[in-house]
Amino acid sequence: MEPPLWQRLVAPLMYLLPWSDAIPLGFAPDGLFLQYPLLRPFVLPALPLMQLERSIPFGLGGLLLFFVLFLAVVRNPNVPYFLRFNALQALLTDIALIVLSIGFRLLLQPIAAGSLLLSTLSSAVVVAVLAILVFSLVECLRGREPDLPGISQAVRMQLY
């Protein structure tokens with residue numbers, strides 16, 4: 001059964017969370033958004049979410065948003081499955097992205113600050129998250145569950 005139109009329009013919004021966390025990697029020195037200014041309009045949809053995250057002191061905005069999405073959407077049986085699936089998939093993608101960002105900051109930046117390796121890896125992560133965002137947007141609008149390898153299986157195991 002195909003989800004109603006309102007669910008197909010709301011579900012892609014969940015993927016703005018990982019996108020908002022990937023954007024700072026694109027603005028790193030020699031980052032993708034600095035090298036290709038034509039890509040900067042892709043930042044606009046995530047700006048309200050980034051402002052919301054930054055408006056809460058001590059950097060707890062992202063953590064609070066995570067818990068709100070997890071407890072109010074994913075763990076709420078009254079929310080339709082399609083929205084719960086996409087919310088949890090976006091949260092797992094965001095967790096993977098945060099782990100990568102921390103790894104870049106702790107391991108690669110002290111060793112290779114300003115190098116081609118760091119800018120290439122950062123740009124690759126931004127492109128990968130943008131591809132996930134576009135793929136998920138298209139699949140959600142078509143009324144299908146976006147099937148991200150590895151992540152979708154983990155989501156289905158959590159929701160069933």
(message) Assess whether a salt bridge exists between R144 and E2, defined as any Lys/Arg side-chain N lying under 4.0 Å from an Asp/Glu carboxylate O.
(response) no

(message) Can you confirm whether more than 12 heavy atoms, excluding those of F42, are under 6.0 Å from its CZ atom?
(response) no

(message) For L92 versus A154, what's the shortest heavy-atom pair and its separation?
(response) CD1-CB, 4.2 Å

(message) What I want to check is whether the side chains of Q158 and R75 have a donor and an acceptor closer together than 3.5 Å.
(response) yes

(message) Looking at F67, I want to see if its CZ is surrounded by more than 12 non-hydrogen atoms of other residues, nucleotides or ligands under 6.0 Å.
(response) no

(request) Step through the shown structure and confirm whether more than 12 heavy atoms of other residues, nucleotides or ligands are within 6.0 Å of CD on Q153. (result) no

(message) I'd like to check P146 versus N86 (side-chain heavy atoms, cut-off strictly below 4.5 Å). Are they in contact?
(response) yes

(message) Tell me the closest heavy-atom pair linking A28 and L34, and the distance in Å.
(response) O-CD1, 3.3 Å

(message) Using only atom types and a distance under 3.5 Å, with no angle test, would you say the side chain of S136 pairs donor to acceptor with the backbone of L133?
(response) no

(request) For S152 and Q89, test the side chains for any donor-to-acceptor distance below 3.5 angstrom and give the result as yes or no. (result) yes

(request) Could you tell me how the ring of F70 sits relative to the ring of F66: parallel (under 30°), tilted (30 to 60°) or perpendicular (over 60°)? (result) parallel

(request) List for me each residue that meets salt bridge (charged side-chain N to carboxylate O under 4.0 Å, His left out) alongside E53, sequence neighbours excluded, and say none if there are none. (result) none

(message) Can you give me the closest heavy-atom contact between F82 and R8, atom names plus distance?
(response) CE2-CA, 4.1 Å

(request) Decide yes or no for L49 and L65: does some side-chain heavy atom of the first lie under 4.5 Å from some side-chain heavy atom of the second? (result) yes

(request) List the atom of D147, the atom of F135, and the distance in Å for their closest heavy-atom pair. (result) N-CE2, 3.7 Å

(message) Looking at every non-hydrogen atom in both residues, tell me the closest pair between R84 and L159 and how far apart they are.
(response) NH2-CD2, 3.6 Å

(request) Indicate the atoms forming the closest heavy-atom contact of M14 with V73, along with that distance. (result) CE-CG1, 4.4 Å

(request) Just say parallel, tilted or perpendicular for the rings of W19 and F33, cut-offs at 30° and 60°. (result) perpendicular

